[in-house]
Structure formats: structure tokens, C-alpha cells
Amino acid sequence: MNGLILTSLALPLLGFLLIFLSDRNEKKIATISFWCSHAMGVSIVALLILWAVAGFPNHEYQYFTLYETGEYRFPILFYLDRVGAVYLFCVWAIFSIIVKYCRVYLHREAGYKRFFLTIFGFVFGLNLVILAGSIDMLFAGWEMVGIASFLLIAFYRHRVQPVRNALRAYTIYRFCDIGLLLGAWMSHLLFHESQHFSQLADLFNNPAMPPAGYASLLLVSTLILIAASGKSAQFPFCFWLPRAMEGPTPSSAIFYGALSVHLGVFLLLRTTPIWSYHYSTRFSVFVIGLLTVIVAGISEKTQSSIKGQIAYASITQVGFMFMELALGLETLVLVHFLGNAFLRCYQLLVSPSIVAHLLRVEGSTDTDFYIRNSARFQFLPVSIRNTLPEVLQNTLYVFSLQEGNLELLVRSVLWEPLKRIGATVNNMNPWLKLLYGLGGFALVGFVIVMAGINTQYLSIPISAFMVLASLSAFSQKHSPFSVWNAIGLSSILAGVAVWLLNPSAWFDVMIFASGIIPAWILGIVVLAKLLKNDHFADSPFAYRAMAETQPQLSLLLFVSFLGLVGFPISPAFLGEDLLLSHASNHAPWFALPITIAFVINGIAAARVFQRLCMGRPTELNDETQYLAEISNTHKA
């Protein structure tokens with residue numbers, strides 16, 4: 001069984017590597033995807049059969065320990081139970097369908113290889129989430145799913161709207177990371193070596209002696225709920241999922257109809273003993289689900305695209321799953337998940353054919369054509385047919401068109417205050433910023449030394465500078481170099497602050513720096529080459545499409561971006577967890593600013609990557625502009 005768990009993870013990764021190393025030959029890519037997807041299916045089916053023969057146990061398997069020092073330990077840990085088995089079966093079935101469908105659907109598509117690379121990376125991350133034995137392992141897969149989603153929404157990168165919507169979705173994903181990162185930190189703080197999913201239920205077996213106080217459990221439950229709500233597009237984050245439908249139809253089916261949208265439900269199922277411990281958190285989950293059902297159910301009525309309607313229908317069903325979880329109906333949730341996943345996958349895959357068919361029918365009729373049959377209730381009295389007052393009907397119609405103004409609400413509450421602070425920092429003279437920084441640090445250091453206070457409190461001004469550097473990167477739009485340098489400075493200050501908190505943690509800080517500094521230097525070198533003859537500040541909002549004109553350099557910039565955000569391909573991922581671990585042991589207050597800095601850094605780096613590497617190539621823009629000028633001349 002252990003070997004099949006590893007095989008189920010290794011096969012999608014193998015498919016990713018083989019496709020990456022192959023050329024752009026469609027037949028070769030299709031053959032690799034066919035055999036790797038079928039081999040993964042055989043592995044998963046064999047694993048589930050063995051698991052069933054063994055009596056459906058809660059099986060935990062520790063492969064090896066990645067890093068261990070003092071009280072800290074990062075095991076490569078896997079876990080399979082009935083929740084994981086249901087999700088794993090669904091992944092196999094839907095991924096096999098999508099691969100078979102896409103081999104023909106994307107024929108002669110310019111991004112054929114790029115699509116299959118991303119979809120295999122997504123499935124590897126998804127399997128890692130499902131089979132993760134701890135919240136740290138789950139977070140690694142969670143990050144992979146987020147990056148894959150970001151890339152597939154922006155798959156048609158020549159168009160502006162998919163690129164913008166990809167950043168919107170990634171922004172929500174990064175905000176969810178605050179909940180998951182702090183949730184992982186609090187699990188270390190509260191449960192120590194017992195944060196494994198297999199041990200969570202045992203911690204709460206004795207209601208009279210919970211593993212932590214009520215306030216602590218309420219806080220960690222809130223953090224988990226934030227992560228789950230954002231990932232599953234629940235209230236107030238409902239708005240991003242319909243916009244994520246800008247990607248190819250098969251990616252919409254597997255991501256936002258079937259699998260990715262249900263990861264919030266999966267997180268709640270995995271952490272049920274924590275958030276279900278008290279009725280108040282159960283009530284919060286129920287209310288979020290109920291509000292989502294109301295808002296998404298109304299907003300679906302005025303969607304102008306079939307994919308947008310399916311997106312809101314899927315959100316509504318996930319809202320019902322939240323309500324079912326709050327009522328303790330875990331088995332019903334699993335059945336509901338399977339039904340909704342397969343239904344939405346089918347609806348999205350056939351939606352292009354349905355639209356094409358209806359357009360042909362409409363073109364062949366001589367009268368007005370309506371999809372919905374409005375004559376069904378004509379036999380009823382008017383008083384029954386129109387039960388709502390006209391004013392209320394108009395109000396609901398406007399509310400539906402505006403989708404509850406949730407995007408405006410989230411932007412004004414979460415991002416606009418941060419942008420204003422960052423803009424204030426950016427508008428200051430650089431020398432004045434340096435003077436204020438050194439002066440403030442010197443003043444605090446002098447007070448601490450004169451008062452005989454422990455020098456670890458020097459980490460307080462360092463952490464403040466760290467957050468300000470991140471906000472500066474977040475608000476900077478006219479210089480990619482300034483953004484990259486601010487992100488690098490923020491990360492270095494995070495390591496310095498932890499070293500001041502605990503000087504004996506210097507080796508762990510070096511592990512973090514060994515991932516951040518090379519990624520930062522690589523990014524600066526690549527930016528210098530990409531922008532060698534480009535005046536970025538003159539047109540900072542133009543997409544430069546360097547993924548088309550400079551593909552090798554764009555790939556290196558993407559690798560640098562992944563390193564800076566702590567993606568699990570570099571030591572920075574382990575380093576982030578180490579820094580949060582030291583924060584929990586020496587200064588719990590430090591976990592919040594360092595998490596905020598990491599999340600904001602990721603959004604700022606993603607924006608730079610988008611502006612430079614996505615969009616229509618410059619020569620095509622110039623040609624389009626030239627043709628438009630000729631056309632205007634002829635018209636004149």
C-alpha cells in the first residue's frame with residue numbers, strides 16, 4: 001500500500017517531466033499523457049482495492065524526515081482514510097476524462113504543451129493535498145494547485161481579460177495562504193508533535209480536557225475557515241470563480257467545476273475535530289454556506305455566459321456542503337461532492353457543443369428564440385406568477401448584475417488600505433527613507449541598550465521594516481527592479497528578525513536565505529536582460545508578451561518568481577516553516593507580520609511576471625495599431 005501511495009504521486013510528476021523534456025510534437029505529448037494518466041489510474045485503483053481489502057483503515061505512512069532540529073521536525077508524511085479515498089477516486093476518474101478530451105480538443109492549439117504541463121503539475125499537487133498526512137504537507141500541494149490555477153486561467157495570455165482574472169484569482173489564493181500558514185503555525189504551537197491528521201481526532205476524545213483553550217481553538221478554526229472559504233469561492237469570495245472560467249473549457253471543468261473548487265470542503269473535512277469542537281464555529285460555517293447559497297443563487301440568474309452560470313451553480317452546491325458539514329453530515333458531503341463534481345465536469349465539457357447547437361437553431365428560425373420556456377406558468381393567475389413587488393424584483397436584478405458588490409467590498413477592505421500605505425512609502429525620497437529607517441532602528445536600539453532590555457526586541461522594528469518593504473513592492477507599478485529588490489529586502493529582514501529573536505537559529509535562517517537570495521539575484525539578472533532596451537516606466541501597464549519573444553528568459557523569471565514566493569521547489573519553502581516555528585517558540589506575535597509579508601510578496605512578484613511575460617507580442621501590437629491607422633485614414 002505504501003508503494004502505491006508513492007506511485008500515485010510519482011506518476012503525474014513523471015508525466016510532467018517527460019512532457020517538459022519533449023518537443024512540441026502533439027502526438028508525442030498525447031502519447032505521454034495517455035500512458036501516464038492510465039498508469040496513475042491503475043495505481044490509484046490498486047491502492048483503493050488494497051485499502052478496501054485491509055478493512056478501510058486510517059492508514060498513515062512516513063516516507064522519511066526532510067529536516068529535524070531541536071523540537072522541529074518536518075516529516076514527509078502520507079495519510080489515507082475514507083475522505084482521501086473518495087477524493088482520490090474522483091481525481092483519477094475526472095483527470096482521465098480530461099486528458100482524453102484534451103488530446104483532441106486542443107489540437108493545433110499554440111499552448112498544447114503548456115496546457116498538459118500545467119494540468120499534470122496540478123494533478124500532482126492535488127494528489128499531494130489529498131494524501132498529505134499533516135498540514136505542512138497539505139500546504140505544499142495547496143501552493144502547487146494555486147500556481148497551476150494561475151497559469152491556466154491566463155492560458156490565453158494574448159488577451160488582457162484572462163491575464164487580469166488570473167491575478168484576481170491568485171490574489172484570493174494568496175490571501176487564503178494567510179489562513180493556512182497561520183493555521184499550520186498554530187497547529188505547531190498548540191499540538192506540537194500531534195498535528196498529524198491521524199492524531200487530531202484523538203486529541204479531542206476527552207471533551208473535559210481539550211488540547212488547548214477555547215480562544216486558541218476559535219482562532220485556529222477561524223484561520224482554517226478563511227482558507228477554506230477563499231479556496232472554494234465561498235462568501236465573501238464568490239466573485240473570483242466565474243472570472244476564472246477565462247481558461248480553456250477542460251481546465252474549467254477539472255478546476256472550478258470538479259476538483260479545485262472542492263478543496264475548501266476537503267480542508268474542513270480534514271480538520272473537522274478542530275473547528276467542530278464548539279457550536280459557535282459550526283454556526284459560522286453554516287452561515288457562510290447559507291450566505292453563499294443566497295448570493296450565488298441570485299447572481300447566477302443574470303450571467304451572460306453558460307460557464308458563468310455553471311460556476312455560480314457549483315459555488316451554490318459547495319455552499320450547501322458547508323451547511324451539511326456544520327450539521328455534522330460528513331458522509332452526505334462526500335456523496336454530494338461526487339455528484340456535483342461529475343455533473344459540473346460534464347456540463348462544462350458539453351457547454352461549447354450546446355452553445356453551438358443553440359446558435360444553429362436560432363439561426364434557422366424566423367421568429368424570436370428563447371432557451372427558457374416562459375409559457376410554462378401562463379395558466380396561473382398573475383398574482384401567483386409575480387409574487388414579488390416590482391421594486392424588489394428590480395433591486396434583486398441589480399444586485400445580481402453587480403454580484404453583490406463582493407469584489408468591491410473585498411478590495412476596499414483588504415487591498416486598498418495596504419496599497420495606500422505602500423504608495424506613501426514609495427512617494428518618499430529614497431535617501432529620506434534610508435535616513436528614517438536607520439534613525440528609527442538606532443533610536444529603538446539605543447533605548448533597549450540603555451534600559452537593559454533583551455536585544456531580541458530589536459526584531460520589532462525589523463519586522464515593521466519588513467512589512468513596509470512588502471507594501472512598497474505591492475504598490476510599486478513603475479519599476480520591476482524596485483519590486484524585486486523590495487521583495488528580496490523584505491525576505492532578508494524576515495530572516496534577520498528571526499535571528500535576533502533566537503541567535504541559535506542562524507542555520508535555519510541560512511536555509512531560508514539559500515532559497516531566497518539565489519532567486520532574487522536570478523530575477524535581477526533576468527530583468528536586466530529582458531528590459532535591456534525597454535523603458536518600463538513609460539508604459540507600466542502594457543503587457544509585453546516576453547514569453548513569446550524571450551521564452552528562455554521568461555522561464556528563468558518564472559523560476560525566480562517561484563523561489564521568491566517560497567514555492568516547494570526551493571529551500572525557501574522549508575525556511576518559511578522554520579521561521580514560523582521559531583516565531584511560535586520565542587515570539588508568537590511575529591507570525592502575523594511575517595505571514596502578511598510572504599503573502600504580499602507573492603502577489604507583487606506575480607504582477608511583475610504577468611506584465612512582462614504575458615500579453616500580445618509587441619510586433620503584433622504595432623501591426624494592429626498600423627492597420628488601425630490605415631483604416632482610419634481611408635475612412636477620413
Side-chain angles (χ1 to χ4, degrees), residues 142 146 149 165 168-180 182-183 218-245 255-257 260-269 271-272 275-276 278-303 307-327 329 333 336-337 340 344 395-416 599:
W142 191 275
S149 178
N165 288 340
R168 284 176 176 173
Y170 187 68
T171 299
I172 299 300
Y173 280 167
R174 293 298 294 181
F175 178 74
C176 296
D177 290 348
I178 293 179
L180 204 54
L182 290 178
L218 179 61
L219 179 57
V220 71
S221 299
T222 303
L223 294 171
I224 291 171
L225 188 53
I226 289 173
S229 299
K231 200 71 167 184
S232 288
Q234 297 297 285
F235 185 87
F237 307 109
C238 308
F239 57 87
W240 71 263
L241 192 68
R243 291 159 177 78
M245 294 292 179
F255 271 81
Y256 313 114
S260 181
V261 72
H262 294 98
L263 283 185
V265 177
F266 179 82
L267 179 63
L268 291 180
L269 285 166
T271 56
T272 297
W275 62 263
S276 64
H278 200 273
Y279 288 111
S280 61
T281 50
R282 282 185 177 270
F283 180 72
S284 299
V285 174
F286 185 90
V287 168
I288 288 174
L290 179 62
L291 290 174
T292 302
V293 169
I294 295 172
V295 173
I298 294 174
S299 299
E300 183 266 339
K301 301 301 180 183
T302 55
Q303 288 298 300
K307 291 173 72 174
Q309 292 177 354
I310 295 172
Y312 270 118
S314 185
I315 293 172
T316 304
Q317 294 304 312
V318 175
F320 281 119
M321 293 180 206
F322 270 54
M323 297 166 68
E324 292 161 3
L325 280 171
L327 297 175
L329 305 173
V333 169
H336 195 167
F337 154 67
N340 188 56
R344 303 309 171 193
T395 301
L396 290 176
Y397 184 75
V398 174
F399 179 87
S400 177
L401 284 175
Q402 296 176 343
E403 299 172 301
N405 277 327
L406 291 180
E407 183 176 9
L408 181 63
L409 173 66
V410 170
R411 186 184 301 166
S412 60
V413 171
L414 294 181
W415 306 124
E416 294 300 333
V599 167

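Residue numbers run from 1 in the order of the sequence given.
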Between V293 and M323, is the side-chain contact (heavy atoms from CB on, under 4.5 Å) condition met? List the steps. CA-CA 10 Å; V293 169; M323 297 166 68; 4.1 Å; yes
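- For residues 280-296, the pairs satisfying side-chain hydrogen bond (donor to acceptor under 3.5 Å, both in side chains) are Y214-S280, Q234-T292, H278-S280, with sequence neighbours left out.
- The side-chain contact (heavy atoms from CB on, under 4.5 Å) search around L291 returns F235, V287, not counting sequence neighbours.
- The minimum heavy-atom distance between A228 and G264, with the atom names listed, is CB-O, 3.4 Å.
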Could you walk me through whether F337 and V265 pass side-chain contact (heavy atoms from CB on, under 4.5 Å), step by step? CA-CA 9 Å; F337 154 67; V265 177; 5.7 Å; no
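- Rounded to the nearest 0.5 angstrom, L327 CG and S276 OG are separated by 12.0 Å.
- F239 is linked by a ring-ring contact (aromatic ring centres under 6.0 Å, His included) to nothing, counting only residues two or more places apart in sequence or in another chain.
- Atom CG of L182 is separated from atom CD1 of I178 by 7.0 Å, given to the nearest 0.5 angstrom.
- No donor-acceptor pair under 3.5 Å is formed between the side chain of S232 and the backbone N or O of S229.
- With hydrogens and angles disregarded, no donor-acceptor distance shorter than 3.5 Å links the side chain of K231 to the backbone of L263.
- In this structure, CD in Q303 is found 9.0 Å from CG in L401, a value given to the nearest 0.5 Å.
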Kindly indicate, with the supporting measurements, whether the criterion side-chain contact (heavy atoms from CB on, under 4.5 Å) is fulfilled by L225 and W275. CA-CA 8 Å; L225 188 53; W275 62 263; over 6 Å; no
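- A donor-acceptor pair under 3.5 Å is absent between the side-chain atoms of D177 and the main chain of V599, judged by distance alone.
- Partners of F286 under the ring-ring contact (aromatic ring centres under 6.0 Å, His included) rule, at least two apart in sequence or in another chain, do not exist in this structure.
- Taking the ring-ring contact (aromatic ring centres under 6.0 Å, His included) definition, one finds that Y256 meets it with W240, sequence neighbours left out.
- Taking the side-chain contact (heavy atoms from CB on, under 4.5 Å) definition, one finds that A313 meets it with R344, sequence neighbours left out.
- Closest of all the heavy-atom pairs between A311 and P242 is CB-CA, 3.8 Å.
- Here CD1 of I288 is found 11.0 Å from CZ of F283. Values are rounded to the nearest 0.5 Å.
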L406 and F237: CA distance, side-chain angles, deciding distance, side-chain contact (heavy atoms from CB on, under 4.5 Å) verdict: CA-CA 7 Å; L406 291 180; F237 307 109; over 6 Å; no
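- Contacts of Q402 classified as side chain to side chain donor-acceptor pair (under 3.5 Å), with partners at least two apart in sequence or in another chain: N405.
- Among residues two or more places apart in sequence or in another chain, the side-chain contact (heavy atoms from CB on, under 4.5 Å) test is passed with S260 by F122, V145, Y173, F255.
- By the side-chain contact (heavy atoms from CB on, under 4.5 Å) test, T222 is found to be paired with L218, I226, residues two or more places apart in sequence or in another chain being considered.
- When all heavy atoms of A296 and I315 are compared, the pair lying nearest together is CB-CG2, 3.9 Å.
- In this structure, the separation between OH on Y397 and CD1 on I298 is 14.0 Å, given to the nearest 0.5 Å.
- Applying the side-chain hydrogen bond (donor to acceptor under 3.5 Å, both in side chains) test to pairs two or more places apart or on separate chains, those with a residue in residues 310-319 are Y312-E403, Q317-H336.
- Relative orientation of the F175 and W415 rings is perpendicular, given thresholds of 30° and 60° on the angle between their planes.
- The CG atom of L241 lies 11.0 Å from the CD1 atom of I310; values are rounded to the nearest 0.5 Å.
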